[in-house]
Amino acid sequence: MNREEILKQAIELINVDRAEDYGPAYENHKRIAELWSVVFGKEVTVFQVVLCLLLLKIARLIYSPKKTDSWIDIGGYTALGGEFAEKEKNDKS
């Protein structure tokens with residue numbers, strides 16, 4: 001699988017598969033942040049959720065660096081984090 005195929009797969013996952021399974025990405029990550037906030041007893045942001053999910057994938061790659069699925073997911077989380085940053089920046093304007 002080359003870099004273009006990896007990015008296309010990430011796009012497919014975040015725009016179709018995961019969206020159908022879990023709903024709009026920002027709302028899903030906001031829901032995760034709210035639940036984690038209860039568990040940790042302090043506010044968790046959508047950005048912290050994305051960062052933690054990225055770190056989860058990185059931790060897995062330390063053990064299994066040839067696992068393409070984790071590299072694909074990292075591309076998807078990176079795209080979502082950037083999109084969330086633009087959304088929040090525009091919401092404050």
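The structure displayed is predicted, hence computed values, not measured ones.
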For this session: Evaluate side chain to side chain contact (heavy atoms under 4.5 Å, CB included) for Leu53 paired with Val49, printing each intermediate quantity in order.
Result: CA-CA 6 Å; Leu53 293 173; Val49 170; 3.8 Å; yes
Joint cluster assignment, [X] & [Y], ILVMFWY side-chain distance < 4.5 Å:
X     : Y     : result
Met1  : Ile11 : no
Phe40 : Phe47 : yes
Ile6  : Val16 : no

What is the distance from atom [atom1] of [X] to atom [atom2] of [Y], rounded to the nearest 0.5 Å?
X     : Y     : atom1 : atom2 : value
Gln48 : Cys52 : CD    : SG    : 7.0 Å
Leu51 : Ile58 : CG    : CD1   : 9.5 Å
Trp36 : Thr45 : CH2   : OG1   : 10.0 Å
Ile32 : Glu34 : CD1   : CD    : 10.5 Å

Exercise. By side-chain contact (heavy atoms from CB on, under 4.5 Å), which residues pair with Asp69, not counting sequence neighbours?
Worked result: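 If we apply the side-chain contact (heavy atoms from CB on, under 4.5 Å) test to Asp69, skipping adjacent residues, the hits are Lys57, Lys67, Asp73.
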Exercise. side-chain contact (heavy atoms from CB on, under 4.5 Å) with Leu61: which residues, sequence neighbours excluded?
Worked result: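 For Leu61 the side-chain contact (heavy atoms from CB on, under 4.5 Å) partners, ignoring immediate neighbours, are Ser70, Trp71, Ile74.
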Problem set entry | Minimum heavy-atom distance Gly76-Ile14, with the two atoms named |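 Heavy atoms only, the tightest pair is CA-CG2, 3.8 Å.
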Problem set entry | Heavy-atom pair of closest approach, residues Gly75 and Ala10 |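 Answer, listing the atom of Gly75 first, then Ala10: C-CB, 4.2 Å.
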Exercise. Are side-chain heavy atoms of Gln9 and Thr68 found at a separation under 4.5 Å?
Worked result: no
Exercise. Side chains of Val50 and Leu54: closer than 4.5 Å at any heavy-atom pair?
Worked result: yes
Seminar exercise, completed: residues 5-22 vs salt bridge (charged side-chain N to carboxylate O under 4.0 Å, His left out), sequence neighbours excluded, gives Glu4-Lys8
For this session: Check ring pair (Phe, Tyr, Trp, His ring centres under 6.0 Å) between Tyr22 and all other residues, then give those that pass, not counting sequence neighbours.
Result: none
Exercise. Would you call Lys30 and Glu27 a salt bridge, using N to O less than 4.0 angstrom?
Worked result: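 A salt bridge is absent here (no side-chain N lies under 4.0 Å from a carboxylate O).
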Exercise. Can you list every pair that meets ring-ring contact (aromatic ring centres under 6.0 Å, His included) and has a residue in residues 73-93, with sequence neighbours left out?
Worked result: Tyr26-Phe84, His29-Phe84
For this session: Check side-chain hydrogen bond (donor to acceptor under 3.5 Å, both in side chains) between Arg31 and all other residues, then give those that pass, not counting sequence neighbours.
Result: Asn28
Exercise. Between the side chain of Glu86 and the main-chain N/O of Glu83, is any donor-acceptor distance below 3.5 Å?
Worked result: no
